[in-house]
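This report concerns only the one structure given below.
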Amino acid sequence: MGFLFARSSGYSFVALALLACVLLAPCQAAKAGLSIKFYAKTCPGVDTIVRSVVAQAVAKEPRMGASIIRLFFHDCFVNGCDASILLDDTLTFTGEKNAGANINSVRGYEVIDAIKSQVEAACKGVVSCADIVALASRDAVNLLGGPTWNVQLGRKDSRTASGTAANANLPGPASSGASLVAAFAGKGLSAREMTALSGAHTVGRARCLMFRGRIYGEANINATFAAALRQTCPQSGGGDGNLAPFDDQTPDAFDNAYFKNLVAQRGLLHSDQELFNGGSQDALVRKYAGNAGMFAGDFAKAMVKMGGLMPAAGTPTEVRLNCRKVN
Ligand code: HEM
Ligand SMILES: *[C@@H]1O[C@H](CO)[C@@H](O)[C@H](O)[C@H]1NC(C)=O
């Protein structure tokens, strides 16, 4: 800590900034060189374009808001928030779209394309696809009734994508509570941040394939809830793709119902209910269930922090012109 007392004002500024980093969530983004004003001069209209395209998409189909939120998570957890998930497979690499964790499941690519084409028309070659996903997910949360926040900007897009990395980094629905904590810790996110971010499962849908084991095999599930889900999701004979909402009361509202559901043993996925199953996150789940504002605040902060995940230093990047392929 000696440098804290360095006489040069430059050094003490750095020391203060480092200290602030320990205390403030947006610091990870700041360290990565991001800023909320990144496009203030070069593309001042980007926020408005993103918001209006996402608003149209959500008005047409509320679930699309959920899908865009998930797109951001699945981008950031695989080699950083670098739009790697948006790259189509090529002859030389198998990307993330068709990896087991994403195929037939992640959606919203067309909405990102629609935003990108409008943004390119307004300011060519300036705004990264990764930043568009970050902005779009912020707007999706807010348009569904959740909080809003300032998005740190200045990300660059990857020049490659890895299906193997997607499968290795994205947690699955059979995960234990301990493995969820570990998966997020591996990205520098705390157990509390993991639980807050999981609150995104207050919107959106999951396929029968993802929750069949829970509704036919588990004891810590409300019997009425399980019986209703069995109507959607047969035990055998197909139906893998049949959808159920994560939150059956307010399926498209970004509220704290996810946590109320967990307390009532109405988590849809095994991994959801692991956050309230006599383990380390029970007390926090109860707090979020009883305090929507606390959840909203923690969720917004954790999204900013997750958005600071960056590709490893030295990784080649660019601002893609078409989000689906490298320049
Ligand atoms: C904690 C670990 C997590 C696990 C194990 C997990 C797992 C899943 C699974 C299995 C689905 C359904 C996929 C399908 O049916 O094909 C899903 C959907 C979804 N996830 Fe997660 N997830 C996690 C964390 C997150 C986080 C951190 C976010 C965002 C901040 C998120 C946002 C969503 C959303 C919004 C949907 C619904 C998407 C739609 O309807 O298109 N999830 N998740
Ligand atoms: C399960 O949920 C229903 C409402 O759908 C409720 O009436 C019932 O009391 C719950 N069961 C338990 C054991 O909490």
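When a ligand or atom number is given, it counts from 1 through the structure's own listing order.
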**Prompt:** Does S271 reach ligand 1 with a nitrogen or oxygen that is under 3.5 Å from one of the ligand's nitrogen or oxygen atoms?
**Reply:** no

**Prompt:** Under 4.0 Å from atom 13 (C) of ligand 2, do we find at least one protein heavy atom?
**Reply:** no

**Message:** With the threshold set strictly below 4.0 angstrom, can you tell me whether any protein non-hydrogen atom sits that near atom 2 (O) of ligand 2?
**Reply:** yes

**Item:** Within-cut-off N or O pair, N104 and ligand 1, under 3.5 Å
**Value:** no

**Message:** Evaluate H201 for polar contact with ligand 1, using N/O atom pairs at a separation under 3.5 Å.
**Reply:** yes

**Request:** Check each of F254, F259, Y288 against F299 using the ring pair (Phe, Tyr, Trp, His ring centres under 6.0 Å) test, and report the only one that passes.
**Result:** F254

**Whether F72 lies under 4.0 Å from ligand 1, heavy atom** = no

**Request:** Could you tell me whether the side chains of R205 and N242 share a donor-acceptor contact shorter than 3.5 Å?
**Result:** no

**Message:** Can a donor-acceptor pair be found, under 3.5 Å and without considering hydrogens, that links the side chain of D157 to the backbone of C129?
**Reply:** yes

**Note: D240-R207 ion pair, threshold 4.0 Å (strictly below)** = no

**Request:** For atom 9 (O) of ligand 2, decide whether some protein heavy-atom distance is shorter than 4.0 Å.
**Result:** no

**Asked** Do F295 and Y258 have ring centroids that are under 6.0 Å from one another?
**Response** no

**Message:** I want to know if ligand 1 touches R63 in the polar sense, i.e. an N/O pair below 3.5 angstrom.
**Reply:** yes

**Asked** With a 4.0 Å heavy-atom cut-off (strictly under), which part of R266 contacts ligand 2: side chain, backbone, both or neither?
**Response** side chain

**Message:** Heavy atom to atom 11 (C) of ligand 1, shortest distance: which of M210, M64, R70 holds it?
**Reply:** R70

**Item:** N or O pair under 3.5 Å between S175 and ligand 1
**Value:** no

